[in-house]
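Numbering of residues begins at 1 and proceeds along the displayed sequence.
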Amino acid sequence: MKQTKGNEMRNINVTDDHDDDEKWVYDSSVDHKGRLPLRASTGAWKASLFIIAIEFSERLSYFGIATSLIIYLTKVIHQDLKTAARSVNYWAGVTTLMPLFGGFIADAYLGRFFTVLCSTIVYLLGLILLTMSWFVPSLRACEGDVCAEPRKAHEVAFFLAIYLISIGTGGHKPSLESFGADQFDDDHPQERKNKMSFFNWWNSGLCSGLLLGVTVIVYVQDHVNWGIADIILTVVMASSLLIFIIGRPYYRYRMPSGSPLTPMLQVLVAAISKRKLPHPSSPADLYEIPNSQKAQGRLLCHTKKLKFLDRAAIVEEKENSFEKQDPWRLATVTKVEEMKLVLNMIPIWLATLPFGICVAQAATFFIKQGVIMNRNIGGFLIPPASIYSLAAIGMITSVIIYEKILVPILRKATGNERGIKILQRIGIGMLFSIATMIAAALVEKKRLGAVKKDPVNGSLSMSVFWLAPQFLIIGAGDGFALVGLQEYFYDQVPDSMRSLGIAFYLSVIGAANFLSSLLITLVDHITEKGGKSWFGKDLNSSRLDKFYWLLAIMTMANLLLFVFVAKRYSYKNVQSLAVANCNEDDHDAAGSMA
């Protein structure tokens with residue numbers, strides 16, 4: 001009888017704890033007044049929809065500008081093809097590397113909400129200056145509609161405006177996406193599943209903005225003028241900023257915890273200082289605070305890789321594990337594992353760069369190909385940048401198919417809550433990038449054949465929709481690789497570095513843009529020595545088909561390297577209740593679900 005009564009009391013306590021977890025959110029987040037968030041009225045989809053709205057506006061303006069930038073530089077600023085491609089790659093590179101700085105500021109000092117707020121204002125200033133460069137007489141390119149040579153003041157205002165947009169994106173992009181993912185509680189089963197869907201729907205919203213940007217906005221740029229398009233973008237961005245502010249009471253906030261780099265440096269210093277100590281026979285002998293006493297964040301399980309760093313968690317005889325420790329002398333297992341997580345990401349980051357180089361071609365040479373092909377459909381002249389909309393359609397389609405069809409099937413087949421591992425998803429996207437380059441090479445070869453037969457109208461004999469396969473394939477691949485990279489870098493970084501995690505993802509694309517410019521210069525130099533450069537003064541005198549084949553071969557070889565690295569990768573493994581619950585064989589199925 002006593003045993004039955006005791007069981008009943010324990011059941012009541014478990015039920016009370018469950019009800020409490022359902023009512024409140026215990027993931028170290030707070031509401032807008034600094035209190036424990038109420039689950040029913042904060043976070044989840046009710047909050048993330050406000051956040052997706054501002055991302056939609058940002059992508060609308062970004063792609064409206066980015067996809068037409070190479071056309072503007074060649075037509076208005078009068079740069080040649082190679083210079084314009086390099087200018088676009090440099091700008092895209094800065095835009096996607098700046099988030100490393102913005103993500104650090106968000107995680108360490110300002111917090112994600114205020115970083116998004118400040119950076120969006122900077123972004124808005126860039127759009128206002130871009131508008132002024134068209135309408136203010138002293139900043140206009142010239143007096144008439146056609147300029148033989150643009151004014152220097154216009155060039156300065158134009159480049160200052162687009163780099164202000166880069167700076168704004170630097171804070172906006174990593175903070176906003178991580179802020180959106182923060183609205184879902186990792187320890188709540190339903191919200192954890194919703195977070196996995198969040199990245200898919202986030203990118204669907206992103207692609208919807210992209211779709212309007214490269215169709216409606218580009219159409220206005222092409223058939224009205226750039227100034228009117230800039231006004232539209234400014235008004236939309238200002239409206240979305242207002243919507244973001246209105247959503248403030250519904251958000252869950254993570255307080256900044258200081259520089260995330262300091263704990264990693266402490267681990268390194270502690271490991272070096274104890275380099276002569278013998279490695280403990282059991283991970284249980286390493287220092288860790290009890291799960292019940294953690295101040296913020298989750299505890300990580302010990303892994304067997306990079307054992308040298310484990311020495312930072314060795315408790316020396318003179319150290320009392322129950323007293324407050326000098327973090328430069330003794331680190332917890334969790335801090336050591338966080339250092340390992342960041343180091344383990346470096347090979348993955350490097351192995352994804354060739355994929356990023358393939359992505360960079362879509363906004364430069366792919367668009368430029370569309371300029372000289374037949375864009376007349378039933379009497380309607382399609383703006384060349386609008387062909388990029390097919391990449392958005394491909395991505396939206398692949399994300400929906402993956403989310404609604406493949407994930408449910410794969411969950412049943414693999415038992416993995418994600419369906420497949422994150423790195424497997426990225427690898428599938430890389431296969432699509434190889435197919436993209438092959439398709440692009442074949443189409444360009446055919447176009448050059450038409451030009452050889454008819455140097456004047458050869459390109460015009462081919463419809464711009466010959467480019468559709470390469471755009472659709474790269475878009476479908478982005479639905480796997482780009483979404484996978486976002487999820488990977490958000491999920492696998494330490495919890496205190498999640499804005500930086502998104503910045504790491506963006507830096508793949510940023511570094512790839514710079515590498516693309518470097519590769520163009522290198523190939524141009526080498527092939528010119530061989531007799532004729534692959535990059536002439538225009539596309540008809542160039543050999544882009546050979547360049548695309550080179551990228552296909554490079555990406556194919558790199559995929560083998562990526563598979564090698566991915567097979568040896570250890571996913572983040574989070575303690576659920578105690579160290580005893582750690583299972584080193586179940587990293588992706590359990591620990592990386594966060």
Chemist: State whether the side chain of Ser542 and the backbone N or O of Gly536 hold a donor-acceptor pair below 3.5 Å, judged by distance alone.
Modeler: yes
Chemist: Is the ring centre of Tyr569 less than 6.0 Å from the ring centre of Tyr571?
Modeler: yes
Chemist: Enter the distance from Leu125:CG to Leu160:CG here, rounded to the nearest 0.5 Å.
Modeler: 10.0 Å
Chemist: Nearest heavy-atom pair of Val94 and Ser166: which atoms, and what distance?
Modeler: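 Answer, listing the atom of Val94 first, then Ser166: CG1-CB, 4.2 Å.
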Chemist: What residues, two or more places apart in sequence or in another chain, satisfy side-chain hydrogen bond (donor to acceptor under 3.5 Å, both in side chains) together with Gln369?
Modeler: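 Gln369: side-chain hydrogen bond (donor to acceptor under 3.5 Å, both in side chains) contacts with Glu444, Tyr548.
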Chemist: Is it true that a side-chain atom of Arg112 and a backbone atom of Ser175 form a donor plus acceptor pair closer than 3.5 Å?
Modeler: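 No: the side chain of Arg112 does not pair with the backbone of Ser175.
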Chemist: For a ring pair (Phe, Tyr, Trp, His ring centres under 6.0 Å) check, start with the C-alpha distance between Phe547 and Phe535, then their side-chain angles and the critical distance, and finish with the verdict.
Modeler: CA-CA 9 Å; Phe547 182 63; Phe535 303 99; 5.2 Å; yes
Chemist: Applying side-chain hydrogen bond (donor to acceptor under 3.5 Å, both in side chains), can you list everything that pairs with Thr215, at least two apart in sequence or on another chain?
Modeler: none
Chemist: Among residues at least two apart in sequence or on other chains, which ones pass side-chain hydrogen bond (donor to acceptor under 3.5 Å, both in side chains) with Glu487?
Modeler: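 Result, side-chain hydrogen bond (donor to acceptor under 3.5 Å, both in side chains) vs Glu487: Arg418.
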Chemist: Is a donor on one side and an acceptor on the other found under 3.5 Å between the side chain of Gln183 and the backbone of Phe179?
Modeler: yes
Chemist: When rounded to the nearest 0.5 angstrom, what is the spacing between CE in Met98 and OG in Ser119?
Modeler: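 Rounded to the nearest 0.5 Å, the CE-OG separation comes to 10.0 Å.
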Chemist: Decide whether Asp524 and Ser533 meet the rule of one side-chain donor and one side-chain acceptor closer than 3.5 Å.
Modeler: yes
Chemist: If we ignore angles and hydrogens, is there a donor and acceptor under 3.5 Å between the side chains of Ser240 and Glu58?
Modeler: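 There is no such pair between these side chains.
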Chemist: Please report the closest heavy-atom contact between Ile473 and Ala439, naming both atoms and the distance.
Modeler: CD1-CB, 4.3 Å
Chemist: When you check the side-chain N and O atoms of Ser499 and Ser178, is any donor under 3.5 Å from an acceptor?
Modeler: yes
Chemist: Report the distance from atom CG of Asn558 to atom SG of Cys358, rounding to the nearest 0.5 Å.
Modeler: 9.0 Å
Chemist: Taking only residues two or more places apart in sequence or in another chain, which ones pass side-chain contact (heavy atoms from CB on, under 4.5 Å) with Ile438?
Modeler: Ile434, Leu442, Trp549, Ala552
Chemist: Considering non-hydrogen atoms only, spot the tightest contact between Gly168 and Val122 and give its length.
Modeler: N-CG1, 4.0 Å
Chemist: Using the six-membered ring wherever Trp is involved, compare the ring planes of Phe380 and Tyr219 and label them parallel, tilted or perpendicular (cut-offs 30° and 60°).
Modeler: parallel
Chemist: Which atom pairs, one a donor and one an acceptor, fall under 3.5 Å between side chains of residues 345-355 and the rest of the protein, sequence neighbours left out?
Modeler:
{"unit_1": "Trp349", "atom_1": "NE1", "unit_2": "Phe504", "atom_2": "O", "d": "3.3"}
{"unit_1": "Trp349", "atom_1": "NE1", "unit_2": "Ser507", "atom_2": "OG", "d": "2.8"}
{"unit_1": "Thr352", "atom_1": "OG1", "unit_2": "Ile348", "atom_2": "O", "d": "3.3"}
{"unit_1": "Thr352", "atom_1": "OG1", "unit_2": "Trp349", "atom_2": "O", "d": "2.8"}

Chemist: Sequence neighbours left out, what passes side-chain hydrogen bond (donor to acceptor under 3.5 Å, both in side chains) with Gln221? Give chain and number order.
Modeler: Ser68
Chemist: Where the side chain of Arg375 meets the backbone of Ile382, is there a donor-acceptor pair that is under 3.5 Å apart?
Modeler: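 Checking the backbone N and O of Ile382 against the side chain of Arg375, a donor-acceptor pair under 3.5 Å is found.
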Chemist: Does Tyr488 have its ring centroid less than 6.0 Å away from the ring centroid of Tyr505?
Modeler: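 Judged by ring-centre distance (under 6.0 Å), Tyr488 and Tyr505 do not meet the cut-off.
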